[in-house]
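Working notes, beginning with the structure itself.
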Amino acid sequence: MEMGLLAAVLLLCMADVLHSFAIEEKEDVFRRMVCPAFLMFDNAAYLADMTFELPCNCKPEEVSNVIWYFQKNMGGHETTVLTDFSGNMVLDSGHIHVGSDVLKRFTIRMFSLIVFRAQVSDSGHYLCGTKKGDFFYGYDVDVQPTKRITVAFLDIGQHVQDDYTGKAFSVFTTFWDWTKCDRCGVRGEQRRIGLCYMQSARLHPRYRTVLPNVTSCGSRAVPARLQRSGRRWKPEVAIRSCMVPCPQEDNPQEGVQAIANVIYKLGQKPWLPRVPTQFHKHPLGRDLIIACPGARPEHAVAWDKDSVRLYRSRYLVGVNKTMRVFIDHGNHLHIRRVRISDRGTYFCWREGKLVAGLRLRVSYQAQRRRSLDDPETIYIIKAISVSYVLVGAIFIGIHLFRCCWWLLCYSVRI
């Protein structure tokens, strides 16, 4: 008994020493890495709606707080300060909205800048420094758009884009690793995201890249004369089918399992999966966007409606221009103009595991007075205005034609 207690005490002491050593190693990172004498910019490329993190890889020992600066173009007069001047900012990423300003979508943790749901407008230079304007480290961030993204379904024989080679440059797609299979036990799908990159000997030397003379197409290192060619090349997504078994869960004891089965059969519907389910009541005719809890755009996410699999090969945005129900590249499920037939339970898979469900109930919307700033009112006013302009143009055109015809006939008679 005494030997066991002695061993436990020694183990706790060793764990405490290792923990202290880990903290000291974290603090010594900045001591070992010397800041460059001439500020360089590391190139980093992401897809829109993704969350990215930029670590401040070096700083002087006496600096306890860092301030991040955002500058769209190098040498520009407009600079955005990304800090609360204490080196830390608390932000709940679940309340981030698409299209909001970058000042509402960032946080600073352990001197690192984290930007949530990045947009194309977030592309530019990010600099780590102090209040006085001393800069230690810089990044050249390129956020590439998801609009008009090229999609290749490998199961039906589609292929990714071929590389393009010009006189002074070449453009190609660099793919990330395949995601996990988004479902288990049934047929699932895998995604592979590809971003646009350019190779040229004319890149700006102040920008640092992983491979020599290779940078992302939207980087500021690309000369102005080559940027137009880079913008024409869109990011790509390759999709293929997959099939993986579900991991085995630890089974409880035999008696506990029998009681649980009885309670399950009496209290729930046996055809519904046992996942946390949220109830939502939505008005008829309104748009609805459903997000998978804890999922990010780079995760493997899949959607089901009851027992129907919503595969990307059919429901990915852009597959059909008239789609009312679709999945965007940020893994959100969109339902436009909700109908009564949309009622049901929508299940979300994340990284191959069924994680949540949403039971949708559609209700008739009570009549309400609309204001002039209501989106539907604005749409109706625009539609009526365009109709009046078209009718007026046709009316004037007909009368002009009749006048010209009358003048022509009159001149012929004379």
Are Arg324 and Asp342 close enough for a salt bridge, meaning some N to O gap below 4.0 Å?
-> yes
Partners of Phe136 by ring-ring contact (aromatic ring centres under 6.0 Å, His included), sequence neighbours excluded?
-> none
For Cys292, enumerate each residue passing the side-chain contact (heavy atoms from CB on, under 4.5 Å) test, keeping only those at least two apart in sequence or located in another chain.
-> Ala295, Val301, Trp303, Cys348, Arg350, Val355
With His282 via ring-ring contact (aromatic ring centres under 6.0 Å, His included) - residues at least two apart = His280
Any side-chain donor near an acceptor of the partner, Asn43 and Arg220, under 3.5 Å | no
Heavy atoms of other groups near Glu53 CD, more than 12 under 6.0 Å | yes
Are any side-chain N or O atoms of Lys180 and backbone N or O atoms of Gln190, one a donor and one an acceptor, separated by less than 3.5 Å?
-> no
Answer yes or no: is there a donor N or O on one side and an acceptor on the other, between the side chain of Asp306 and the main chain of Gly344, under 3.5 Å?
-> no
State the CD-CG distance between Gln199 and Asp163, to the nearest 0.5 angstrom.
-> 10.0 Å
Which pairs, with at least one residue in residues 137-177 and sequence neighbours excluded, count as a disulfide bond (SG atoms under 2.5 Å apart)?
-> none
Does Thr179 use its side chain to pair, donor to acceptor, with the backbone of Arg191 at less than 3.5 Å?
-> yes
d(Trp68 CH2, Leu113 CG) to nearest 0.5 Å is 5.5 Å
Taking NZ, NE, NH1 and NH2 as the nitrogens, is one of them in Glu298 or Arg296 under 4.0 Å from a carboxylate oxygen of the other?
-> yes
Side chain Gln71, main chain His125, donor-acceptor under 3.5 Å | no
Does some side-chain heavy atom of Val171 sit less than 4.5 Å from a side-chain heavy atom of Cys217?
-> yes
Give the ring-plane orientation class for His334 versus Phe326, where under 30° counts as parallel, over 60° as perpendicular and anything between as tilted.
-> parallel
Do Asp140 side-chain atoms and Phe41 backbone N/O form a donor-acceptor pair below 3.5 Å?
-> no
Could you tell me whether Arg336 atom CZ has more than 12 heavy atoms of other residues or ligands within 6.0 Å of it?
-> no
What's the spacing between Glu236 CD and His159 NE2 if we round to 0.5 Å?
-> 12.5 Å
Starting at OG1 of Thr345, measure out to CZ of Arg361 and round the result to the nearest 0.5 Å.
-> 13.0 Å
Are Arg187 and Tyr311 in a cation-pi contact, defined as NZ or CZ under 6.0 Å from the six-membered ring centre and within 45° of the axis?
-> yes
Quick one: side-chain hydrogen bond (donor to acceptor under 3.5 Å, both in side chains) pairs with a partner in residues 385-395, sequence neighbours left out?
-> none
Is a side-chain donor or acceptor of Asp328 paired with a backbone partner of Gly330 at a separation under 3.5 angstrom?
-> yes
Looking only at atom types and distance, does a side-chain atom of Asn213 sit under 3.5 Å from a main-chain N or O of Ala201, one as donor and one as acceptor?
-> no
Rounded distance (nearest 0.5 Å) linking atom CG of Asp304 with atom CG of Leu333 = 10.5 Å
Check: Asn320 main-chain N/O paired with Thr322 side-chain donor or acceptor under 3.5 Å | no
When you measure from the side chain of His399 to the backbone N and O of Ile396, does any donor-acceptor pair fall under 3.5 Å?
-> no
Disulfide bond (SG atoms under 2.5 Å apart) partners of residues 296-333, not counting sequence neighbours, each pair once | none
Inspect the contact between Asp42 and Arg208 and indicate whether a charged nitrogen and a carboxylate oxygen are less than 4.0 angstrom apart.
-> yes
Do Leu316 and Val151 come within less than 4.5 Å of each other through their side chains, counting heavy atoms only?
-> yes
Does a salt bridge link Arg240 with Asp155, judged by any charged N lying under 4.0 Å from a carboxylate O?
-> no
Would you say Arg314 has more than 12 foreign heavy atoms packed within less than 6.0 Å of its CZ?
-> no
Phe135 and Tyr69: aromatic ring centres closer than 6.0 Å?
-> yes
How many angstroms lie between atom CG of Leu226 and atom OG of Ser219, to the nearest 0.5 angstrom?
-> 12.0 Å
Checking Ser123 side chain against Val120 main chain: does a donor-acceptor pair fall under 3.5 Å?
-> yes
